[in-house]
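Heavy-atom basis, side chains included; hydrogens, waters and symmetry copies ignored. Numbering of ligands and ligand atoms starts at 1, following listing order.
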Amino acid sequence: MTRRWLFADQLGPQFLDTPDQPALLVESRAVFGRRRFHRAKAHLLLSGLRHRALELGDQAVLLQVGTYGEALRELGDVELSVVQPTSYAADAFVRERGFEVVPEGRGFATTREEFATWVDGRKRLLMEDFYRWQRARFELLMDGSEPAGGQWNLDHDNREPPPKRTTLGVPEPWWPTEDDVDAQVREDLDRWQRDGLADFVGDDRPRWAAVTREEAVTALAHFVEHRLPEFGPTEDAMLAEDPWMAHSALSPALNLGLLHPLECAQAAEQAYRSGNAPLNSVEGYVRQVIGWREYVWSLYWHFPRDYRERNALGATGDLPEWFSSLDAAGEVTANCLGSVLRDLRERGWVHHIPRLMVLGNYALQRGWDPRQVTAWFHEAFVDGYDWVMLPNVTGMSQHADGGVLATKPYASGGAYINRMSDYCGGCAYDPKVRVGERACPFTAGYWAFLDRNADALRGNRRMLQPLAGLTRLKDLPELVEQERVRGDAAP
Ligand SMILES: Cc1cc2nc3c(=O)[nH]c(=O)nc-3n(C[C@H](O)[C@H](O)[C@H](O)COP(=O)(O)OP(=O)(O)OC[C@H]3O[C@@H](n4cnc5c(N)ncnc54)[C@H](O)[C@@H]3O)c2cc1C
Ligand code: SF4
């Protein structure tokens with residue numbers, strides 16, 4: 001039996017062919033010197049690898065080195081196999097060296113071949129069609145050949161604004177307790193920083209995400225029992241004092257390979273079948289985990305290799321330091337953006353709407369280079385990996401693919417944030433004002449974005465109405481000048 005090289009996102013038991021297969025784990029330090037990751041992400045990866053090495057005992061070799069190349073030299077002449085890596089770079093690395101590659105990515109439910117079968121003969125690769133195909137073939141939330149409850153999509157029940165209180169009122173997610181391994185990781189990260197070997201962004205707080213299979217299973221069970229019932233209705237809503245809302249906060253565990261998407265979806269279905277969670281919440285969650293996540297994973301491999309270089313709107317701005325460093329305390333007046341950046345600094349995580357409609361929206365409006373924005377999301381989020389970045393950030397959030405993934409840009413003014421959050425009430429700006437001292441940077445930024453990209457967007461039918469609205473703005477010249485002056489200064 002070959003020794004199985006387990007990458008840091010392949011930590012679950014399914015990445016070994018048999019429970020006693022010899023394993024290799026490599027902790028490479030160089031990556032933390034090359035890119036400025038969130039400290040919580042570095043902690044999670046190292047803690048995960050070291051915990052897995054301890055679990056496997058003599059069965060595993062853990063190499064703590066500078067680079068993967070060094071690790072292989074240290075290991076010498078050993079026959080290695082890997083499970084399909086999750087990035088093009090890692091894939092090329094293992095194939096160039098002739099390692100045996102197990103074709104299916106065992107952290108996902110969809111293989112590349114299965115996705116190719118689904119794609120075959122389709123004119124449009126709609127997520128909704130893909131999701132229904134997944135539901136049917138995995139028999140998830142199905143009554144025979146019909147969707148449970150008679151409808152595939154319960155999104156109309158899941159778009160509520162937040163309640164008029166400061167928190168949603170559901171129990172917090174389950175938190176792990178740190179141990180000696182975490183203490184050692186913290187010490188090592190401190191030392192690397194002191195010695196100039198690594199540079200991080202974000203706070204160093206107690207670890208909140210699972211790094212072992214046992215922790216992940218506990219976190220999943222807790223979510224399904226205590227939080228899933230409330231997941232649906234407010235899944236798009238934001239509350240300044242409640243960053244988690246009823247989201248699962250399981251993306252780090254899923255992306256480390258500690259949970260399988262099908263087991264998450266089946267656990268959610270079980271809660272519905274036993275009367276413990278309503279269908280709209282369960283369907284909403286299942287849609288995310290076996291719809292969106294699998295779709296994004298499959299598109300990563302399906303898109304052409306130059307997808308990451310796309311820049312359909314010709315955006316070339318650099319990310320300003322106040323944004324990228326996550327260290328903007330006191331500099332950002334805009335309540336929504338300031339709060340979301342603070343949350344991200346504290347945990348390396350915010351849910352999908354702050355990612356898309358606050359951070360991504362702001363970057364899009366300001367015309368920052370989508371390649372830089374994509375790299376930043378990868379570094380700043382504890383659940384960020386190459387496969388998840390390209391479709392979500394380059395495609396959906398920054399519209400750099402010109403509309404392949406989303407039919408129109410996710411640009412919106414302050415009205416959306418006002419409807420879906422409680423940020424605007426406590427803000428120095430007013431979402432309805434577009435020019436002057438109280439002009440909301442999102443509202444003004446939205447119109448300035450449309451004005452700047454009018455030519456590029458005119459061919460898009462879904463943009464005709466907003467572009468017509470633009471021509472009716474009497475104060476457009478003042479607005480454009482105001483936003484030019486605002487530029488990339490913290491709003
Ligand atoms: C701009 C942008 C950047 C994102 N970056 C990441 C990222 O770096 N890593 C990441 O895992 N997700 C990313 N997402 C998707 C989504 O925001 C996160 O998966 C989710 O917020 C994680 O929190 P959760 O586990 O509480 O999710 P929940 O709301 O509880 O959703 C359940 C699960 O569905 C999966 N999921 C849902 N949507 C997506 C999606 N679009 N892509 C992939 N998985 C999805 C996640 O595994 C998640 O755990 C991004 C989305 C956007 C718009
Ligand atoms: S007014 Fe504008 S900047 Fe302030 S919180 Fe609302 S959307 Fe954000």
* Asked: Should the proximity of D383 to ligand 1, defined as any heavy atom under 4.0 Å, be assigned to the side chain, the backbone, both, or neither?
  -> both

* Asked: Should the proximity of F231 to ligand 1, defined as any heavy atom under 4.0 Å, be assigned to the side chain, the backbone, both, or neither?
  -> side chain

Which atoms of ligand 1 are found less than 4.0 Å from any heavy atom of [X]?
X	value
N255	9 (N), 10 (C), 11 (O)
L254	47 (O), 49 (O)
G384	8 (O)
L356	53 (C)
V289	34 (O)
H351	21 (O)

If the threshold is 4.0 Å, N to carboxylate O, is there a salt bridge linking [X] and [Y]?
X	Y	value
E215	R207	yes
D401	R310	no
D386	R308	yes
R137	E294	no
R227	E172	no

* Out of M245, R355, M357, K41, who gets a non-hydrogen atom closest to atom 13 (C) of ligand 1? -> R355

* Among V388, D236, L405, which one has a heavy atom closest to atom 43 (C) of ligand 1? -> V388

Check whether [X] reaches the backbone of [Y] with its side chain - one donor and one acceptor, N or O, closer than 3.5 Å.
X	Y	value
D422	A240	yes
R347	W208	no
Q134	I290	yes
R165	L168	yes
Q482	R434	yes
E283	L154	yes
R293	V388	no

I need the nearest protein heavy-atom contact for [atom]: residue, atom name and distance, please.
atom	result
atom 3 (S) of ligand 2	A334 CB, 3.5 Å
atom 2 (Fe) of ligand 2	C440 SG, 2.4 Å
atom 21 (O) of ligand 1	H352 N, 3.4 Å
atom 4 (Fe) of ligand 2	C427 SG, 2.3 Å
atom 5 (S) of ligand 2	C336 N, 3.5 Å
atom 32 (C) of ligand 1	Y285 CE1, 3.5 Å
atom 42 (N) of ligand 1	N392 ND2, 3.0 Å
atom 8 (O) of ligand 1	M389 CE, 2.7 Å
atom 29 (O) of ligand 1	H247 ND1, 2.6 Å

Contact between [X] and ligand 1, counting heavy atoms under 4.0 Å?
X	value
F223	no
H378	no
W349	yes
A249	yes

Report yes if the side chains of [X] and [Y] come closer than 4.5 Å at any heavy-atom pair, otherwise no.
X	Y	answer
Y385	L256	yes
Q266	L140	yes
N153	R287	yes

* Side chains of N255 and D9: is there a donor and an acceptor less than 3.5 Å apart? ->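 No - no donor-acceptor pair under 3.5 Å links their side chains.
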
Any N or O of [X] closer than 3.5 Å to N or O of ligand 1:
X	result
W292	no
F377	no
Q288	yes
S248	yes
S251	yes

* Structure fact -> side chain to side chain contact (heavy atoms under 4.5 Å, CB included) test vs F381 passes for just one of K41, H38, R355, namely R355

* Mind running side-chain hydrogen bond (donor to acceptor under 3.5 Å, both in side chains) on E225 and N276 for me, showing each step along the way? => CA-CA 8 Å; E225 185 178 348; N276 293 326; over 6 Å; no

* Asked: Of all heavy-atom pairs between S412 and M357, which one has the smallest distance, and what is that distance?
  -> OG-CE, 3.4 Å

Proximal ligand 2 atoms for [X], defined as those under 4.0 Å from one of its heavy atoms:
X	result
Y423	5 (S)
G414	7 (S)
P431	1 (S)

* Metal check, atom 6 (Fe) of ligand 2 vs C424 N/O/S, cut-off below 2.8 Å -> yes

* Where does P441 meet ligand 2, judged by heavy-atom distances below 4.0 Å: at the side chain, the backbone, both, or neither? -> side chain

